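As the structure is a computational prediction, the values presented were derived from the model and not from experiment. Chain letters run A, B, ... following the sequence lines, proteins first, then strands; residues in each count from 1.
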Amino acid sequence: MEKELDQVRARKEKLEKLKGMGVNPYPYSFKRTAYSTEIKENYEEFEDKKVKVCGRIKTRRLHGKAGFVHIEDDKGEIQIYFKYDTLREKYSIVKLLDLGDFIGVEGKVFRTKTGEITVWAEEITLLSKALHPPPEKWHGIKDVETRYRQRYLDLMSNKEIRGLFRRRAEIIKGIREFLDERGFVEVETPILQPVYGGAFATPFTTYYIKLKKNFYLRISDELYLKRLIIGGYERVYEIGKNFRNEGIDRTHNPEFTAMEVYQAYADYRDMMELFEDMVIYLARKIYGKEEIQYDGKTISLKKPWRRISYFEALKKYTGEEWRGLSFEETKKLAEKLGLEVEEKRIKGKILESVFERFVEPELIEPAFVVDYPADITPLAKNKRDDPGLVERFEAFIGGVEVANAYSELNDPEEQERRFEEQLKLKEREEYDRDFVRALYYGMPPTGGLGVGIDRLVMILLNASSIREVILFPQLREE
RNA sequence: GGGCCGUUAGCUCAGCUGGUAGAGCACCGGCCUUUUAAGCCGGGAGUCGCAGGUUCGAAUCCUGCACGGCUCACCA
């Protein structure tokens, strides 16, 4: 803080006065006997009984020799009444309280003239002096930049934001409940990886001094989880951060929470059902119904979700046939639709651009897009009756991609060929050779599912941007 | 990276075709022993995002930059 605000100076003066009175402004603990809402919801039980409550001062109305404040705790707010006749010399502490201070109060529960359930303070304990004034009580913090940079101000002044991140936690807990009930084992795999893999993305690079070697923050945990299937687990999942050194926008944060699930003896169709069931489970958990509101629309999550093949979807939303075109023809057609495709070396990547531009925004109701071109999907099995495609789906809700899944490729020689092919096309400098070695020992048929947790939370909680559901989203330095 | 928009007191915001910065909350002082967006009286608080330019004069017009938002492009 460069220049001291006069309000900060005033608070520091009060702090010195309190110290002079023998008050410790930063004591160690307080034994609460009841939360604000408990008292208000069970008034008959608490009436005229002594309670100890604590929290942060949110509003204050002092009248000379009496006064009211509202304190906020983890559950809600409750009013406190201070009266000179009751507190006597302790009333001088009340006069030095500011909005934002934490206090503990002991006293009897009563109703005021206007009927509000209130604690009549007999003891007052300062629990922490705030030296900076809080945001404005009525409007809270609105400035988006301040909300993200100083999230604590957003949380302290906008209680719906606190509620939102609680619901985020419920969703993640719900995912664990759902998978644990079905016999999945939660595991942890390396975030620091010597070779990155499992996705196409630029990694964050770091340097391991003792080993004198570059390491990478993982872009995906896919290859490690499959090693666990090879090791003999039949159902595993991991929830954790991935890191991708790419742009930031409404649906991308460089550091994001992903979940991957692998199930032996299953294929991508099984993963579709698993994902449908999981999302429905979560919606029921938070809303009690199989329906959500997103971006002003009501979206039904009822099974079965729409299945549409990748090329069908492209045809339907562009009016053009893309299947079977050469690289040059694909490029030409994409350019005709107004896309820039100069830097794309692979046909599949051009199609991806077309898909994102024309198809994704249309996929509002939940949809599984299935059967992708093979050249952009090196980790999936060829489609059983159409080897030009792979058994892969992406799930979309509200126009946002929320999941990606494969019938996992478990043929070690085929996997090795595909990795070598990527090296030749200079798509990658190196690949995870130990993963291929692991496949040589045999991996059962396996279905794998990756879910962007932040995006899923964003959809389920009707947030307009991924930043609204990440506590500390990435921003440039101030 | 392109386009559009924004940045004024701690917070929420006004500030017109350029004339020297305002309100509410918050803060300080006074009165007030059941108030609740407490009230009444008085007061203080600003590098108008930063740097240039135009002008007698710039929060206001112009240029550049920074940060943020939306959007397009990029991006598994």
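Exactly one of A:Lys50, A:Lys90, A:Lys52 qualifies for a side chain to side chain donor-acceptor pair (under 3.5 Å) with A:Glu123. That residue is A:Lys90. Here the options are A:Glu414, A:Glu421, A:Gln415, the test is side chain to side chain donor-acceptor pair (under 3.5 Å), and the partner is A:Arg418; only A:Glu414 passes.
When both distances must be under 3.5 Å, the Watson-Crick or G-U wobble mate of B:G39 is B:C31. Under the Watson-Crick or G-U wobble criterion, with both distances below 3.5 Å, B:A76 has no partner in any strand shown. Remark: B:A45 base-pairs with no nucleotide in the shown strands. Criterion, Watson-Crick or G-U wobble with two distances under 3.5 Å. The nucleotide B:A26 finds no pairing partner, because no Watson-Crick or G-U wobble arrangement with both distances shorter than 3.5 Å includes it. Under the Watson-Crick or G-U wobble criterion, with both distances below 3.5 Å, B:C4 is paired with B:G69. Across all strands shown, B:U63 forms a Watson-Crick or G-U wobble pair with B:A51, both key distances being under 3.5 Å.
In this structure, A:Phe393 has its ring center closer than 6.0 angstrom to the ring center of A:Phe368. Aromatic rings of A:Tyr310 and A:Phe355 (six-membered ring for Trp) have centroids within the 6.0 Å cut-off, being under it.
Backbone-only engagement by A:Arg467 is indicated by non-hydrogen atom pairs under 4.0 Å involving sugar-phosphate atoms exclusively. Across all strands shown, A:Arg147 has no heavy atoms under 4.0 Å from either base or sugar-phosphate atoms. If you check every strand for non-hydrogen atoms under 4.0 Å, A:Lys14 touches sugar and phosphate atoms only. Heavy atoms of A:Glu477 sit under 4.0 angstrom from primed sugar atoms or phosphate atoms, though from no base atom. Contacts of A:Thr112 with the nucleic acid, taken as non-hydrogen atoms under 4.0 Å apart, include base atoms.
Going from atom CG of A:Asp371 over to atom CD of A:Glu391 covers 7.0 Å, rounded to the nearest 0.5 Å. Rounding to the nearest 0.5 Å gives a distance of 11.0 Å between CD1 of A:Ile80 and CG of A:Leu97.
If you take atom P in B:C70 and the same atom in B:C62, they sit 25 Å apart, rounded to whole Å. With C1' as the reference atom, B:G18 and B:A59 are 10 Å apart, rounded to whole Å. Distance noted for atom C1' between B:C25 and B:A58: 30 Å (whole Å). When the P atom is compared between B:G64 and B:C5, the two are found 13 Å apart, to the nearest whole Å. Distance check on atom P: B:C13 versus B:U20 gives 26 Å, rounded to whole Å. Comparing B:A23 with B:G44, their C1' atoms sit 16 Å apart, to the nearest whole Å. If you take atom P in B:G10 and the same atom in B:C65, they sit 28 Å apart, rounded to whole Å. Between the C1' atoms of B:G6 and B:C48, the separation comes to 14 Å (whole Å).
With hydrogens and angles ignored, a donor-acceptor pair under 3.5 angstrom links the side chain of A:Tyr406 to the base of B:A76. Between the side chain of A:Gln79 and the base of B:U35 there is at least one donor-acceptor pair of N/O atoms closer than 3.5 Å. Judged by distance alone with a 3.5 Å cut-off, a donor-acceptor contact links the side chain of A:His252 to the base of B:C75. Side-chain to base pairing of A:Glu246 with B:C74: no donor and acceptor N or O lie closer than 3.5 Å to each other.
Straight-line distance from the NE2 atom of A:His63 to the P atom of B:C40: 13 Å, rounded to whole Å. Atom P of nucleotide B:G10 and atom CE of A:Met156 are separated by 17 Å, given to the nearest angstrom. Nucleotide B:U35 holds its C1' atom 15 Å from the CG atom of A:Leu99, rounded to whole Å. If you take CG of A:Asp154 and P of B:G10, they are 19 Å apart, rounded to a whole angstrom. The CG atom of A:Asp85 sits 14 Å away from the P atom of B:C32 (whole-angstrom rounding). We find that NZ of A:Lys65 is positioned 9 Å from P of B:C31, with the value rounded to whole Å. As rounded to whole Å, 11 Å separates atom C1' of B:C72 from atom CG of A:Asp249. Separating the CD atom of A:Gln7 from the C1' atom of B:G46 is a distance of 13 Å, rounded to the nearest angstrom.
Considering only side-chain atoms of A:Ser353, the nucleotide from B:A45, B:U12, B:C74 that sits closest is B:C74. Of the candidates B:U71, B:C67, B:U12, B:C67 carries the atom nearest the A:Arg149 side chain, counting heavy atoms from C-beta on. Taking every side-chain heavy atom of A:Trp138 into account, B:A37 is the closest of B:G69, B:U12, B:A37. Picking from B:C25, B:A76, B:G68 the nucleotide with the shortest atom distance to the side chain of A:Lys349 gives B:A76. Closest to the side chain of A:Leu475, from the set B:U34, B:G68, B:C28, is B:G68. Counting only heavy atoms from C-beta on, A:Arg476 has its side chain closest to B:G68 among B:G68, B:C75, B:C70.
For A:Arg60 and B:C27, the shortest distance from a side-chain N or O to OP1 or OP2 is below 4.0 Å. A close approach under 4.0 Å does occur between a side-chain nitrogen or oxygen of A:Arg61 and OP1 or OP2 of B:A38. When the side-chain nitrogen and oxygen atoms of A:Lys83 are compared with OP1 and OP2 of B:U34, none of them lie within a distance under 4.0 Å.
One N or O on the side chain of A:Asp73 and one on the backbone of A:Gly76 form a donor-acceptor pair closer than 3.5 Å.
Heavy-atom distances to RNA chain B give each of A:Val144 and A:Asp98 a nearest nucleotide, and the one nearer the 5′ end belongs to A:Asp98. Residue-to-nucleotide proximity on RNA chain B shows that, of A:Arg357 and A:Glu352, the 5′-proximal contact is made by A:Arg357.
In this structure, A:Arg168 forms no cation-pi arrangement with A:Phe165, as its terminal cationic atom is not both closer than 6.0 Å to the ring centre and no more than 45° off the ring axis.
Side-chain contact between A:Glu394 and A:Tyr372: present, with at least one pair of heavy atoms (C-beta onward) separated by less than 4.5 Å.
Here A:His132 does not pack flat against the base of B:G10, since the 5.5 angstrom centre distance and 30 degree tilt limits are not both met.
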